[in-house]
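Remarks on the structure that follows.
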Amino acid sequence: MAEEEDRLLLCHGDPNDWNEDVGSLLERPPSLLQQRFTTLYATDVGGVAGHDMYCALLPNGVCVVGLAPSHPLVAYHRHPELREAAAAAAAAAAAASTEAAAVAAEVEGAGPSGAAAMEEGVAATEAAGGGTGAEGTAEVASAPETSAGAEPAAQDGEQVATEQQQQQQGGGGRAWKKRQRDGGGGGGGGGGSETAKLPRVDSFPLSQLKGVNFEVGSRSTASRVDIKANGKKRDGQGMTTMQPESCLCRVESDHGTCVSVPALVRGRLLEVNSRLVAHGSHLFDFPMREGYIGVLYPTGPDQAALRAKLLDEGAYLKLRGLAPQELV
């Protein structure tokens, strides 16, 4: 009992008392985001593999949205080796797909003539006394392939292409390695086969960043970066109401690649992070802090729907194979 009282005194004593008992400190002090916000995560947003986002809810209903750490823009920036592995996997998948298509085209081009050639080979084998023994089987195997005979080869090629493409699916960061080690698995609760069918979100390195463009998908003549709503203005008229699929911004590269970021939630747009216009690197370095994208104000039912369908921190970390330290 005395030891517990001493521990409490140390925790609530003078600011420097923790130096005497570092064991009383938490392993990782909670961030402001963890203390005040309920952070939820959406994976494969819009049916695009790897397009992961977070939604941080305040008790008053205000919602902050941005890219999750497993999004390729962030994950490949923090782990450059994963970008190289993904590029190699994409090249291998393209080569396997081309090979499979060539095999299929060759089989289709053979048509009835291939079947006729095999029949002639079988007849010649039987006439020579080969029967159906090992020698006869070997000669039949050496005859031109028919559509049915070459179908397994085409399937093998397609399977190789599918397996290579699956290496590109799912979240970024350590999740890519974990998913390959565990045999795959898609985001949002789906299986690996489902995720493999999804298009992959584009990505590019920070060195190619052209800028973050907020003036997209808006019918209003006012600039989004000038929107600053607080207090009673949240319920005022004339504010932009965003749908989950509405484009909140576009992250553009100087090579023409563009990543469209949806609003994720239905609600009134209170503000966008105008600092990203001048400091786009925040989006890559600290997506859950200085690099947030926007602030919205969803209604009560919309908030309840978010809590019901999105993942909490533990489920998200487990799904994407991330460590808690990467949630910054």
Side-chain angles (χ1 to χ4, degrees), residues 41-55 65-94 97 164-180 184-188 190 192 195-214 216-217 245 247-264 273 276-277 279-294 316-317 319-323 326-328:
Y41 299 86
T43 57
D44 302 335
V45 176
V48 181
H51 202 359
D52 299 349
M53 298 182 64
Y54 71 87
C55 167
V65 298
L67 298 183
S70 55
H71 193 286
L73 283 177
V74 181
Y76 291 166
H77 174 66
R78 294 178 174 179
H79 309 280
E81 70 280 2
L82 296 180
R83 183 183 299 278
E84 299 175 1
S97 179
Q164 295 292 346
Q165 289 171 353
Q166 286 177 348
Q167 293 183 5
Q168 304 172 65
Q169 308 304 323
R174 296 188 181 92
W176 187 84
K177 296 179 180 178
K178 182 179 185 296
R179 212 175 304 282
Q180 307 318 307
T195 303
K197 299 176 183 178
L198 300 179
R200 181 68 182 173
V201 65
D202 292 326
S203 66
F204 52 86
L206 176 59
S207 59
Q208 297 179 8
L209 177 64
K210 178 181 179 181
V212 179
N213 183 10
F214 288 103
V216 293
E245 66 277 4
C247 184
L248 189 57
C249 74
R250 288 179 182 166
V251 186
E252 303 171 344
S253 78
D254 52 17
H255 285 54
T257 304
C258 175
V259 177
S260 296
V261 181
L264 185 61
N273 188 0
L276 294 180
V277 175
H279 304 284
S281 60
H282 291 340
L283 186 66
F284 290 73
D285 293 327
F286 308 108
M288 299 187 69
R289 294 189 338 203
E290 295 91 337
Y292 75 92
I293 293 178
Y316 168 73
L317 292 176
L319 176 67
R320 291 313 195 201
L322 299 177
E326 296 199 48
L327 300 181
V328 293

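In this chain, residues are counted from 1 in sequence order. In this text, all values refer to a predicted model and were calculated from it rather than measured experimentally.
For Val216 against Cys247, the heavy-atom pair with the smallest separation is CG2-SG, 3.5 Å. The two residues Val212 and Cys249 make their nearest non-hydrogen contact at CG1-SG, 4.0 Å. Contact detail for Glu252 and Cys258: the closest heavy-atom pair is CG-SG, 4.1 Å. Here the closest heavy-atom approach between residue Pro72 and residue Ser203 is recorded as CB-CB, 3.7 Å. The nearest pair of heavy atoms linking Arg320 to Asp44 is NH2-OD1, 3.1 Å. Taking both residues in full, the closest heavy atoms of Tyr316 and Leu322 are given as OH-CD1, 3.5 Å, listed atom of the first, atom of the second, then distance.
Judged by distance alone, with hydrogens and angles left aside, the side-chain atoms of Arg78 form a donor-acceptor pair with the main-chain N or O of Glu326 at under 3.5 Å. Counting only distance, with no hydrogens or angles, the side chain of His282 and the backbone of Arg289 share no donor-acceptor pair below 3.5 Å.
The distance from atom NE2 of His255 to atom OG of Ser207, rounded to the nearest 0.5 Å, is 8.0 Å. If you take CG on Leu327 and OG on Ser70, they are separated by 9.5 Å, rounding to the nearest 0.5 Å. With rounding to the nearest 0.5 angstrom, the OH atom of Tyr54 is 6.0 Å from the CE atom of Met288. Interatomic distance, Phe284 CZ to His71 NE2, rounded to the nearest 0.5 Å: 9.5 Å. Interatomic distance, Ser260 OG to His51 NE2, rounded to the nearest 0.5 Å: 7.0 Å. Taking CG of Asn273 as the reference point, atom CD1 of Ile293 lies at 8.5 Å (rounded to 0.5 Å).
Using a 3.5 Å distance cut-off with no hydrogens or angles, the side chains of Thr257 and Asp202 do not pair a donor with an acceptor.
The side-chain heavy atoms of Leu73 and Phe204, taken from C-beta on, include a pair separated by under 4.5 Å. For the pair Leu317/Tyr41, no side-chain contact is recorded, criterion being any heavy-atom separation below 4.5 Å from C-beta on.
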* Asked: What's the verdict on side-chain contact (heavy atoms from CB on, under 4.5 Å) for Phe214 and Val277, showing C-alpha distance, side-chain angles and the deciding distance?
  -> CA-CA 8 Å; Phe214 288 103; Val277 175; 4.0 Å; yes
